[in-house]
Amino acid sequence: MHGTHNTQLAERPSETDGTITRSQTLLFAASVGIIVTNLFAPQTLVGLIGPSLGAATSESGLVSMATLLGYAAGLFFLVPLSDLIENRALVLRMLSAAALAAAIASFAPSASSLLAVLFVLGAACSCIQVLVPVAASMAPPGQDGRVIGDVMSGLMIGILLSRPLASFVADAFGWRAFYGISTAALALLAILLGIALPRRRPLTHSSYAALLVSLFELSRQEPVLRRRALTASLVMAAFSVFWTAVALRLAAPPFELGQRGIALFALVGAGGAAATPIFGRAGDRGFTRPATVLCHLGLIAALGLAAWAGATAAAGGAWLPLLLMGASAVLLDIGVTGDQTLGRRAVNLLQPKARGRLNGLFVGIFFVGGAVGSLVAGMAWAWGGWNAVCAAGAVFGVAALVVDWVG
């Protein structure tokens with residue numbers, strides 16, 4: 001009996017396993033929300049960053065693409081470490097690197113140097129995906145979806161508020177000030193998590209090289225992972241296409257919004273985050289597939305509504321098309337939020353011992369989609385304006401529906 005007890009302790013992934021408290025859930029949600037703002041703020045700042053550093057309009061998507069590609073790289077090469085070394089120490093090191101990168105970004109003298117440091121910042125921000133599995137491991141049996149949904153609420157609110165926050169700061173102090181504020185926020189967060197974050201020792205006893213090789217094996221073994229990661233990447237591409245280009249559209253006639261107006265518009269989209277816990281609970285109750293299809297249909301409808309809003313604006317008057325554009329943003333964000341929550345829940349239920357690597361694969365693949373979407377947005381805008389942007393986003397949404405049907 002004594003020997004069995006010792007074995008069980010050795011296999012425990014965390015020193016604090018058990019029911020996660022409300023305060024711990026709030027800590028996780030607030031942490032991921034603060035960290036993720038660095039990934040999406042460039043989407044609303046492209047109109048300022050590009051000209052100030054001498055970048056062409058068609059290259060504006062590169063600014064937003066850099067952090068997303070860096071994030072994907074971090075998910076593939078840094079997050080797997082969460083299955084190898086103690087998670088609290090890993091989070092603190094990555095947060096420290098993120099704070100340093102943000103500080104350097106606030107002084108970047110050229111577009112090339114900014115792109116390089118934003119890539120590093122994105123990679124360090126992948127510590128988000130170390131925090132989410134820690135929260136999932138602390139959830140009571142059968143409530144993984146609820147906890148993941150609650151933490152994802154913080155993540156999605158951070159994603160959606162990052163754009164208005166960055167716009168407000170840039171309007172008052174310039175775009176570099178955003179990264180100065182981010183530096184202070186990340187440093188403060190590292191201190192708070194250093195005090196409050198529970199320790200989590202992984203179950204895996206392997207080398208780093210073996211963990212990286214195992215990513216391919218996990219992808220081959222898990223069809224659910226492949227399907228959910230593919231649809232998530234397509235949905236994220238549509239999301240990035242819209243939010244990278246909408247700031248450019250709103251700055252043009254008849255809207256002619258400044259950074260403050262664009263910030264208020266982006267704030268409207270944050271309402272979509274309210275749906276996150278609903279989708280987490282829908283997954284717990286067995287409605288994953290119909291809820292996923294509904295998300296993808298909603299995304300396609302949102303892009304159609306956005307195209308209509310752009311055409312209505314061309315006919316004269318700005319208030320009605322602005323309302324329609326805001327409605328499309330909310331609907332789009334609900335669709336993306338639901339897909340990410342349902343997909344993350346499904347992936348977290350696959351192999352508890354490999355949660356870090358599974359999350360790294362899942363989120364890394366869908367952020368590659370986001371980076372592609374940012375690049376496509378700049379190209380589509382330069383080629384065919386807002387209609388081309390909406391059409392490109394809708395193509396990604398239709399492709400996600402096709403994957404649903406095949407799956």
Side-chain angles (χ1 to χ4, degrees), residues 11 13 68-85 87 90 122-123 126-137 139 144-145 148 152 200-240 283 286 288-289 291-293 295-296 336 338-373 396-407:
E11 293 176 349
L68 298 181
L69 275 183
Y71 189 71
L75 293 165
F76 291 131
F77 297 105
L78 297 180
V79 171
L81 289 170
S82 65
D83 287 332
L84 187 62
I85 64 177
N87 287 188
L90 179 61
S126 64
C127 63
I128 290 170
Q129 302 309 324
V130 182
L131 289 170
V132 173
V134 171
S137 71
D144 302 67
I148 292 171
M152 282 290 290
R200 178 177 182 262
R201 291 189 172 90
L203 298 170
T204 303
H205 301 285
S206 181
S207 67
Y208 176 64
L211 282 176
L212 293 182
V213 172
S214 71
L215 294 177
F216 299 99
E217 185 64 19
L218 286 171
S219 179
R220 186 188 65 81
Q221 291 174 351
E222 301 292 352
V224 171
L225 170 64
R226 294 195 300 272
R227 184 170 66 252
R228 296 300 321 198
L230 178 55
T231 59
S233 68
L234 292 168
V235 167
M236 195 65 180
F239 178 88
S240 293
T288 296
R289 181 170 176 76
T292 300
V293 172
C295 289
H296 297 163
V336 174
D339 178 88
Q340 305 301 329
T341 302
L342 292 164
R344 191 184 300 272
R345 177 189 177 276
V347 168
N348 268 283
L349 294 177
L350 295 177
Q351 295 187 34
K353 290 185 179 181
R355 270 185 173 143
R357 283 166 288 161
L358 288 168
N359 268 275
L361 277 170
F362 172 71
V363 186
I365 292 171
F366 88 63
F367 267 90
V368 169
V372 170
F396 287 123
V398 171
L401 266 183
V402 171
V403 174
D404 289 336
W405 177 74
V406 172

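Please read these numbers as outputs of a predicted model, since none were measured by experiment.
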> Got a second to check how far L342's CG is from T288's OG1, nearest 0.5 Å?
Replying inline: 5.5 Å
> What residues form a ring-ring contact (aromatic ring centres under 6.0 Å, His included) with F362, not counting sequence neighbours?
Replying inline: F366
> By side-chain contact (heavy atoms from CB on, under 4.5 Å), which residues pair with Q351, not counting sequence neighbours?
Replying inline: L218, Q221, E222, A354, L358
> Closest approach of D404 and T292, non-hydrogen atoms and distance?
Replying inline: OD1-CG2, 3.8 Å
> Under the side-chain contact (heavy atoms from CB on, under 4.5 Å) test, which residues partner L69, sequence neighbours left out?
Replying inline: M65, F119, A371
> When rounded to the nearest 0.5 angstrom, what distance separates CG in L78 from SG in C127?
Replying inline: 9.5 Å
> So, Y208 side chain and F77 main chain: donor-acceptor pair closer than 3.5 Å or not?
Replying inline: yes
> What residue pairs, at least two apart or across chains, pass salt bridge (Lys or Arg N to Asp or Glu O under 4.0 Å) with a residue in residues 228-237?
Replying inline: R228-D339
> Roughly how far, to the nearest 0.5 Å, is CZ of F76 from CG of L212?
Replying inline: 11.0 Å
> Which atoms form the tightest heavy-atom contact between A72 and F367, and what is the distance?
Replying inline: CB-CB, 4.3 Å
>> If you compare all heavy atoms of S240 against all heavy atoms of G373, which two are closest, and at what distance to 0.1 Å?
In response: CB-C, 4.0 Å
>> Taking the side chain as everything from C-beta on, heavy atoms only, tell me whether V406 gets closer than 4.5 Å to R227.
In response: no
> Hey, what do you get for CG (L90) to CG (L81), rounding to the nearest 0.5 Å?
Replying inline: 6.0 Å
>> Before you tell me yes or no, could you show the steps for H296 and F396 under side chain to side chain contact (heavy atoms under 4.5 Å, CB included), namely the whole-Å CA-CA distance, both residues' side-chain angles and the distance that decides it to 0.1 Å?
In response: CA-CA 10 Å; H296 297 163; F396 287 123; over 6 Å; no
>> Show the nearest heavy-atom pair for residues L225 and S219, with the distance to one decimal.
In response: CD2-CA, 4.1 Å
>> Pair L230, I365 - check side chain to side chain contact (heavy atoms under 4.5 Å, CB included), show working.
In response: CA-CA 7 Å; L230 178 55; I365 292 171; 5.9 Å; no
> Step by step, would you call R345 with Q340 a side chain to side chain contact (heavy atoms under 4.5 Å, CB included)?
Replying inline: CA-CA 8 Å; R345 177 189 177 276; Q340 305 301 329; over 6 Å; no
> Which pairs, with at least one residue in residues 229-238 and sequence neighbours excluded, count as a side-chain hydrogen bond (donor to acceptor under 3.5 Å, both in side chains)?
Replying inline: none
>> Taking side-chain hydrogen bond (donor to acceptor under 3.5 Å, both in side chains) as the definition, give me every residue that meets it alongside S214, ordered by chain and number, with sequence neighbours left out.
In response: R357
>> Tell me whether S82 contacts the main-chain N or O of V79 through its side chain, where contact means a donor paired with an acceptor under 3.5 Å.
In response: yes
>> Whether the side chain of R220 engages the backbone of L215 through a donor-acceptor N/O pair (distance < 3.5 Å, no angle test) should be reported.
In response: no
